[in-house]
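Okay, structure first, notes after.
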Amino acid sequence: MLEFLAAFDGKTMAEAREILSNHDQEIAHYIDFLKAFKEEAPKSYKADEEKFDEPYTLPSPESVKAKYTAYFAAIGFKQQVVYPNFLVVVEDTRRRSDGLGDLEVPGFETEKIFFHDGSSDNKKYLLDGATKIVAIKTADSILTNVNYSYTTKMVKVTLDKSNRSQTYKGAEIKIVKLDDNRVKLMMRDSAYQNYLYVEALNKDGKPLDYSSRTSSAMESADFKEILNDYSKALKNLIKQFDKGVYKDIASLKKAIAAQISDKSPFDDTTSGFTENYYHGNIDKVNVYLSDGRNKIKQQTVLQNIEPNYTGYTLTQDEKTSALDLKISQVNT
């Protein structure tokens, strides 16, 4: 909320109307995106229809290290120019494929940026896709400091229809829904932050294979419900804006603070839900949680995977969003 309100500081009323409109369109597009995915309906399986999985086990440190080695060997970065700055986006598609999807997303911070014109920058920037770096010239490579961790010890919490709630280090884990092949769990605080895997067992104690799973970081309601409420509030603000209700930025910000929840649909929270469907009927579920982690700090060099050595850069002015073809400061 504070970040959204700050976006209106120093803006004209016309610019404020555009901010509201753009944000409303972003939310509408995301709602449409979610509608494209049909929710799976609970289903009762016959015994001979059930599909099974291997019992969940914690990957060995050696296998995790090998995966990270493969991951760091393949990643790079893309440079996005937003005049008079540029952003760096770490390209890590291999984390979601090649068996690397279970790796924790590392945090990257620059140690030194090497530009194509022979210059360099020793300032530290987070490579989070949002931190602005003041320069309009091609970066060849970046020496980065990397932080990540992986689980070395875990605990198991078991829930069923007669035992629907447990705690992990004082944090609640609760069954919200349990019917046939579906289980929906609510987890709070350290439980949500540390859960690794939800394993469902049939009445014979065999682990069932997943058919789908989703999660959302929300305190008190489903993600879609909060998303729709947020959209309605934005549309009402725009409607009142167009009626001339708000005379200045101060009155608009006051209305935004009053009508929009303190948390946007995309804010991280300390609690959340996970909803999972399986190829079989659920008798009980095991929730596995991280109970000890090995924290790693290392350095790696990222290469620009889409460099521009032409001497020209298509840039976007961050104030006007206007596109312009500018002569960059690279050596051609």
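Bear in mind that the values here come from a model prediction, so they are computed numbers and not experimental data.
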Is the backbone N or O of [Y] less than 3.5 Å from a side-chain atom of [X], with the two atoms forming a donor-acceptor pair by type?
X	Y	value
E15	T12	yes
K206	K203	no
S251	D248	yes
T110	Y125	yes
Q79	K137	yes

How long is the gap from [atom1] on [X] to [atom2] on [Y], to the nearest 0.5 Å?
X	Y	atom1	atom2	answer
H279	S212	NE2	OG	8.5 Å
L237	L252	CG	CG	7.0 Å
R188	T167	CZ	OG1	13.5 Å
Y71	T300	OH	OG1	9.5 Å
S231	Q25	OG	CD	11.5 Å
L5	F8	CG	CZ	7.5 Å

So do the side chains of [X] and [Y] get within less than 4.5 Å of each other, counting heavy atoms only?
X	Y	answer
L196	M154	yes
Y150	S290	no
V146	K297	no
Y168	V287	no
L159	R164	no
D209	Y278	no
N147	I296	no
I113	I133	yes

Item checked: R17 vs D242, side-chain contact (heavy atoms from CB on, under 4.5 Å): CA-CA, chis, key distance, verdict -> CA-CA 9 Å; R17 174 62 170 79; D242 291 342; 2.8 Å; yes

Check: More than 12 foreign heavy atoms under 6.0 Å from NZ of K174: is that the case here?
Finding: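 No - once you tally the heavy atoms of other residues, nucleotides and ligands closer than 6.0 Å, there are 12 at most.
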
Notebook entry, point to check: Considering residues, nucleotides and ligands other than K254, do more than 12 of their heavy atoms fall under 6.0 Å from its NZ?
Noted result: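 Atom NZ in K254 is not packed in, count stays at 12 or less.
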
For the residue pair [X] and [Y], confirm or rule out a side-chain donor-acceptor distance under 3.5 Å.
X	Y	result
T152	N294	no
T274	N276	yes
D128	T131	yes
E109	T144	no
Y288	E199	yes

Margin query: Does I249 form a side-chain contact (heavy atoms from CB on, under 4.5 Å) with M13? I'd like the steps, not just the answer.
Written below: CA-CA 7 Å; I249 295 296; M13 291 298 281; 3.7 Å; yes

Next item on the list: Measure the acute angle between the ring planes of Y192 and Y195, then classify it against the limits of 30° and 60° as parallel, tilted or perpendicular.
Entry: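 Y192 and Y195: tilted rings.
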
Please report the closest heavy-atom contact between [X] and [Y], naming both atoms and the distance.
X	Y	result
K11	A16	CB-N, 4.5 Å
T158	N163	O-ND2, 3.4 Å
K123	D121	N-OD1, 2.8 Å
A171	D189	CB-CB, 4.2 Å
N145	E111	ND2-OE1, 2.8 Å

Tell me whether [Y] is reachable from [X] by hopping between hydrophobic residues (I, L, V, M, F, W, Y) whose side-chain heavy atoms are closer than 4.5 Å.
X	Y	result
L127	F115	yes
V88	I75	yes
I19	V245	yes
V89	V81	no
Y277	V176	no

Next item on the list: Hey, could you give me each pair passing salt bridge (Lys or Arg N to Asp or Glu O under 4.0 Å) that has a residue in residues 281-296? Not counting sequence neighbours.
Entry: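 Pairs touching residues 281-296 that pass the test: E104-R293, K153-D291, K169-D291.
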
Notebook entry, point to check: Going through the distances and angles, do F77 and I305 end up as a side-chain contact (heavy atoms from CB on, under 4.5 Å)?
Noted result: CA-CA 6 Å; F77 71 90; I305 61 177; over 6 Å; no

Notebook entry, point to check: Does K235 pair with D24 as a salt bridge, N-O distance under 4.0 Å?
Noted result: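 Salt bridge flag = yes for D24 with K235.
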
Notebook entry, point to check: So does E275 pair up with R182, basic N to acidic O under 4.0 Å?
Noted result: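 A salt bridge links E275 with R182.
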
Item checked: Pair Y148 and F108, ring centroids less than 6.0 Å apart ->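 Not under 6.0 Å, so no.
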
Checklist line | Qualifying residue for side chain to side chain contact (heavy atoms under 4.5 Å, CB included) with Y45, from D180, L208, N181, I282 | finding: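 Running side chain to side chain contact (heavy atoms under 4.5 Å, CB included) over D180, L208, N181, I282 with Y45 returns exactly one hit, N181.
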
Next item on the list: Tell me, with the steps shown, if Q259 and N236 meet side chain to side chain donor-acceptor pair (under 3.5 Å).
Entry: CA-CA 9 Å; Q259 295 184 43; N236 183 61; 2.7 Å; yes

List the atom pairs, donor and acceptor, that lie under 3.5 Å between side-chain atoms in residues 48-61 and the rest of the protein, sequence neighbours left out.
{"from": "E49", "atom 1": "OE1", "to": "K46", "atom 2": "N", "distance (Å)": "2.9"}
{"from": "E50", "atom 1": "OE1", "to": "N202", "atom 2": "ND2", "distance (Å)": "2.9"}
{"from": "E50", "atom 1": "OE2", "to": "N281", "atom 2": "N", "distance (Å)": "3.0"}
{"from": "S60", "atom 1": "OG", "to": "S63", "atom 2": "N", "distance (Å)": "3.2"}
{"from": "S60", "atom 1": "OG", "to": "S63", "atom 2": "OG", "distance (Å)": "3.3"}

Next item on the list: Give the C-alpha distance, both sets of side-chain angles, the deciding distance and a yes or no for side-chain contact (heavy atoms from CB on, under 4.5 Å) between L20 and L234.
Entry: CA-CA 7 Å; L20 286 174; L234 277 172; 4.2 Å; yes

Margin query: Can you see whether F273 has K184 sitting over its ring - NZ or CZ less than 6.0 Å from the centre and within 45° of the normal?
Written below: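 Yes; both conditions hold, so K184 lies above the ring face of F273.
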
